[in-house]
Protein chains: 2
Amino acid sequence: MTTKQNTLYVGSLAKGLRLLRAFDESHTELTLSDLAQRSGLDKSATQRLANTLHIEGMLDKDPVTRRFRPSHAWLQMAYAYYWSDPLVGQTIPKLISLSQEIGETINLAELSGDHIIYVSRLPCKRTYFAATIIGRRLPALSTSAGRAMLATFPEDERRAAVDNWPIIQFTPCTTLDRGSIRDSVERAVHDGFAISTGQMILNEIGVAAPIPGHDGRAMAAVQCSVSAHTWTREKIIAEILPQIQDTANSISPSFQAQRGYSRSPAG
Amino acid sequence: MTTKQNTLYVGSLAKGLRLLRAFDESHTELTLSDLAQRSGLDKSATQRLANTLHIEGMLDKDPVTRRFRPSHAWLQMAYAYYWSDPLVGQTIPKLISLSQEIGETINLAELSGDHIIYVSRLPCKRTYFAATIIGRRLPALSTSAGRAMLATFPEDERRAAVDNWPIIQFTPCTTLDRGSIRDSVERAVHDGFAISTGQMILNEIGVAAPIPGHDGRAMAAVQCSVSAHTWTREKIIAEILPQIQDTANSISPSFQAQRGYSRSPAG
DNA sequence: TTCAAGGTATCATAGTATGATACACGAAGA
DNA sequence: TCTTCGTGTATCATACTATGATACCTTGAA
């Protein structure tokens, strides 16, 4: 009913996934009613599905408050993801070196539709919580990493993206004007890197260099976030950018199982 | 049939989860047949469920090889988990400082049944891949973190755990003798910390201090892994242990939403 | 004590998931 | 070139499973 009419589509499974998606940064612990409300499912369905997820170890349940919480299995999913993403294995050692050299937070971002997602993060300084954890998804147009990647796309795609991809205002400084974003992206086309200021949080500067892909299109970027209190654009370009670009360029565009560990559950 | 006979249990959902669990470190990209085989489901069921997971964005599908892979959604699950775990928000800033001071890899481990799971990892040196990514689950008895936590349990529970929890041989040095493990745990009871050598990988030493819980029982630990080539037990106890213990003890046992960011999707 | 809200349990029914089967495609081999 | 095999895809009648209305508990507030 509420789901697609397709014999290759299992509605119950999809509904279960909706329950999982009900959890996010501001909904960390949900009662049965919360779950029902946020998923749009009726009480009974929610009860059955949540119970199933609990039995299967996907949701923890506080025995006294009866609230559901994501279980450790959610972390194991990230673990499995990491092994499956050929970029990560190749990149992590290099990012570690980089963060040690620079002493600032280094991120690996990938393009995920019209958003970017931070895949690896190596925090060096104390920052706000969300900047330290993986899996964060942000509108590509509002991030240095997103713009750096987009800059490697053909002109018509760039234009379409700048015109259509979503933008959300996070700070008073978040660029909402697509013209300005276009300028920023076109500058990145010329420069080969992108810098943005105060897009996600005030007084934060982001620099990003694209990681070359098969056909020139970058699907990932090395990114560095620093405080505007201690850094200027010029200083960043002089002291951080070269190393970020080196790292980004050192990552092979041929994504073939370069991980080298693929068969070592022990490790 | 194959699933539990319970009206509060949705078999289709459980089957879908089995497909997700088919992916791990050595199975990163699976064909439909692989999935069917590894999940134990028949071809049709696998087809329908995998298709559903694909449509719902949980599995990526290579259009040419037709293989399924974990999608970025798996990372978002970790993101949601992090917000829901009250320990993480409190701990991360302290772990960052700690890793900067010590210059060695710092981990936050939590107890997950009879295993530990690494929740946060701050790699400082180049190591093997599995040591750099979160969500790794290991038998508690074979890790310094697990033993440190177990040491805070009442004696009968300690004994039962040492006798019954699983052990897997990872290296030639992995302790398989439960008597030795018992000694190690009892020493940790006395010392308030645990050290282990070559359990998961040769020439690796792990130190861990338990994070005090409500009732004395630790459900988490701060852990540090170093190379036996550059460190000795004595040097670790002198130079690393105190800081690890300080950090562990500074983490409040009252787990109440000390995160302080709980309501900031923007961040 | 009463009431309300949320969690739990039950059940007849409809409808969805089932899995056998058949078809399509490509690779490997003769 | 023609088979054969392994896979992926599509279809369909049937039965079983998920459904959701309802009623029952429990808890905490009024």
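Every chain is numbered from 1 and lettered A, B, ... according to where its sequence line falls, protein lines coming before strand lines.
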Using whole Å, report how far [atom1] of [X] lies from [atom2] of [N].
X	N	atom1	atom2	answer
A:Leu13	C:dT16	CG	C1'	14 Å
A:Glu29	C:dG7	CD	P	12 Å
B:Arg48	C:dT21	CZ	C1'	13 Å
A:Tyr9	C:dT18	OH	C1'	18 Å
B:Leu53	C:dA17	CG	P	13 Å
A:Leu41	D:dA18	CG	C1'	13 Å

Could you list the protein-to-nucleotides 13-15 of chain C atom pairs, N/O on both sides, closer than 3.5 Å?
none

Partners of [X] by side-chain hydrogen bond (donor to acceptor under 3.5 Å, both in side chains), sequence neighbours excluded?
X	result
B:Lys94	B:Ser250
B:Arg217	B:Glu157
B:Gln223	B:Asn107, B:Ser144, B:Ser225
A:Arg67	none

TODO: Could you list the residues that satisfy side-chain contact (heavy atoms from CB on, under 4.5 Å) with A:Ala209, not counting sequence neighbours?
DONE: A:Ile244, A:Gln245, A:Ala248
Task: Any residue meeting side-chain contact (heavy atoms from CB on, under 4.5 Å) with A:Ala50, in chain and number order, not counting sequence neighbours - done: A:Leu19, A:Leu32, A:Leu35, A:Phe68
TODO: Give the B/S/- string for nucleotides 3-10 of chain D, one per nucleotide from 5' to 3', where a protein heavy atom under 4.0 Å of the base yields B, of only the sugar-phosphate yields S, and otherwise -.
DONE: ----SBBB
Task: Terminal axis angle for the helix from C:dT1-D:dA30 to C:dA30-D:dT1, five pairs an end, nearest 10 degrees - done: 40°
- [ ] Mind checking salt bridge (Lys or Arg N to Asp or Glu O under 4.0 Å) for A:Arg21 and listing every partner two or more places apart, or none if nothing turns up?
- [x] B:Glu56
Open item on the list: Under the rule for salt bridge (Lys or Arg N to Asp or Glu O under 4.0 Å), what residues qualify as partners of B:Arg121, not counting sequence neighbours?
Closed with: none
Task: Short side-chain N/O contact to D:dA18 OP1/OP2 from A:Lys15, under 4.0 Å - done: no
TODO: Return yes if a side-chain donor-acceptor contact under 3.5 Å exists between A:Tyr79 and B:Glu25, otherwise no.
DONE: yes
Task: Test item: A:Trp165 and A:Ile167 side chains (from C-beta on) under 4.5 Å apart, heavy atoms - done: no
Open item on the list: Once side-chain hydrogen bond (donor to acceptor under 3.5 Å, both in side chains) is applied, what residue pairs with a partner in residues 36-49 of chain A remain, sequence neighbours excluded?
Closed with: A:Asp24-A:Arg38, A:His27-A:Arg38
